[in-house]
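These notes are about the structure you will find just below.
Note that ligands are numbered from 1 as they come in the structure, with each ligand's atoms numbered from 1 the same way. What you see is a predicted model, and the numbers here were worked out from it, not measured in a lab.
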Amino acid sequence: MAAPRVYLDYNATTPVLAVAKAATNDALDLLGNPSSVHRFGAGARQIVDQARDKIAALVGAKTGTVIFTSGGTEANNLAILGADRPVIVSAAEHDSVLAPSRIAINGVTIVPVDADGVVDLAALGKVLAARPGALVSLMLANNETGVCQPIHEAVALARAAGALVHCDAVQGPGKLPVDMDALGVDMLTISAHKFGGPMGAGALVVRKDIELNARQVGGGQEGYRRAGTQNVPGIAGFAAAAQWWIESAIDLTAVGQLRDRLERACQEFGATVFGADAARLPNTSCLTMPGVSSETQVMAFDLDGIALSAGAACSSGKVGPSHVLAAMGAPPDIAASAVRVSLGWDTREDDIDRFIGAWTALYRRKNSGPATRLAS
Ligand code: PLP
């Protein structure tokens, strides 16, 4: 019998939690448009309103308004383009922040990151001084490397310059506690499918006094800031996943230890771990296999029943140089052999044993002959 498949791609998407599946299915059985005045509509509206409270609680937004969207990409687009301000982003942001920034009517300035992928705060301070009243968009944690950004420090600089701060926290819930009020950001993006909810549901949480223009018009839903009938079943599943994380208070220390173990095993054979010296998500590793391309690794691991990804892999089939690793100054030939391994809350010791076994075997095959451990 074939060994069960091992899924190590939680930063791309996660399994849907049983509670989220049940809530989504229950909502599918409900008839009613949340905008309708009659009782059917009121039932759907109640699901959406209760979900708003749960999402706000998940991200510690006591005074925020939750705007439901189709996911993280849409929420990021809404924040960047709806704010109608000059935009300042780090070079390591997700494409769903970088692409709208490039078409923002008031222009964009890209701030460099250091070799660990952490934004250069001195450079950010200089740019803020030159662009008063801007919107800074800085991610909580990078999807490729897991590197966390110094949000508190960036907020302090932004406040001094009269700027707003948006935080793409898509990789936060399920991996890190997220507290929007404590972070002090004005807008925050999350996405259900990254922490056990269904795909197609996300939110932009916005501080109450922030002016934000709709990007999608043609209806009064979401306080006129996002037109279109809400995805009630998706939102129900999103809220159930949020509630699960609030109640289960899962500690990812053990996941972090598994991640560290796999990194140590690969480093013995010369693997480079990107962002190793920075604060990182406990579940994420972006690491190289010397001499073996990312694509070859992803395909070989897949044949071995292990799922991981080359770079971001957020858009289907995308295989190309990583702008994140390039921004960190990684030499192209080294970056070309990087893969992302992202563990989940239910990843077990066996899964990591399988990964290490497959990694070592592939390294041996490709580097002909027995694997040579580096002298320590
Ligand atoms: N932002 C980050 C950091 C992400 O990792 C992703 C997806 O991987 C997104 C935004 C986009 O989220 P969604 O897939 O919900 O559109």
Side-chain angles (χ1 to χ4, degrees), residues 7-16 20 55 58-59 66-81 87 89-101 113 117-119 137-149 151 165-176 178 183 185 187-205 215-216 226 230-231 234-235 237-238 241-242 274-275 280-281 283-286 307-320 322-325 327 339-344:
Y7 186 80
L8 297 174
D9 204 12
Y10 277 70
N11 287 12
T13 197
T14 59
V16 180
I55 299 307
L58 177 73
V59 299
V66 173
I67 302 174
F68 284 116
T69 65
S70 62
T73 300
E74 189 193 329
N76 284 344
N77 272 257
L78 176 57
I80 302 289
L81 298 173
V87 182
V89 296
S90 90
E93 297 303 306
H94 189 265
D95 276 338
S96 59
V97 164
L98 291 175
S101 299
V113 295
V118 178
V119 69
S137 184
L138 195 58
M139 69 206 313
L140 189 66
N142 188 273
N143 46 299
E144 293 184 39
T145 60
V147 169
C148 298
Q149 294 295 346
I151 304 291
V165 180
H166 163 250
C167 178
D168 173 358
V170 164
Q171 294 295 343
K175 296 162 194 142
L176 280 184
V178 180
L183 287 171
V185 299
M187 297 190 272
L188 182 122
T189 293
I190 59 168
S191 175
H193 74 105
K194 305 291 186 177
F195 60 94
M199 291 175 183
L204 181 67
V205 188
R215 296 299 305 161
Q216 186 166 304
R226 196 273 187 179
Q230 292 92 339
N231 169 11
I235 289 170
F238 187 10
F274 291 101
R280 273 189 298 160
L281 294 174
N283 77 314
T284 308
S285 183
C286 180
L308 41 81
S309 75
C314 279
S315 38
S316 45
K318 174 179 141 179
V319 179
S322 155
H323 72 275
V324 176
L325 300 186
V339 296
R340 177 185 70 188
V341 185
S342 50
L343 288 63

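Taking all atoms of both residues into account, the shortest heavy-atom contact from N11 to Q171 is O-NE2, 2.9 Å. When every heavy atom of G234 is checked against every heavy atom of P198, the shortest pair comes out as O-CG, 3.5 Å.
Every atom of ligand 1 with a heavy atom of S96 under 4.0 Å away is listed here by number and element: 10 (C). Listed by number with element, the atoms of ligand 1 under 4.0 angstrom from any heavy atom of S191 are 13 (P), 15 (O). Of all atoms in ligand 1, numbered sequentially from 1 with element shown, those under 4.0 Å from a heavy atom of D168 are 1 (N), 2 (C), 3 (C), 10 (C). Heavy-atom contacts of G72 reach the following atoms of ligand 1: 12 (O), 13 (P), 15 (O), 16 (O) (cutoff under 4.0 Å). Listed by number with element, the atoms of ligand 1 under 4.0 Å from a non-hydrogen atom of G71 are 15 (O).
Contacts with ligand 1 closer than 4.0 Å are made by side-chain heavy atoms of V170 only, the backbone lying farther away. For M139, every heavy-atom contact with ligand 1 shorter than 4.0 Å involves the side chain, none the backbone. Only the side chain of N76 comes within 4.0 Å of ligand 1, counting heavy atoms alone; its backbone N, CA, C and O stay farther away.
Ring pair F68/F238 is perpendicular by interplanar angle, where above 60° counts as perpendicular and below 30° as parallel.
Counting only heavy atoms from C-beta outward, the side chains of V113 and V324 never approach each other to under 4.5 Å.
Here the options are N76, L81, I80, the test is side-chain contact (heavy atoms from CB on, under 4.5 Å), and the partner is S101; only I80 passes.
A side-chain donor-acceptor contact under 3.5 Å links N142 to the backbone of A92. The backbone N or O of T14 sits nowhere less than 3.5 Å from a side-chain atom of K194 that would complete a donor-acceptor pair.
For H193, the heavy-atom gap to ligand 1 drops under 4.0 angstrom. Using a 4.0 Å cutoff on heavy atoms, K194 counts as a contact of ligand 1.
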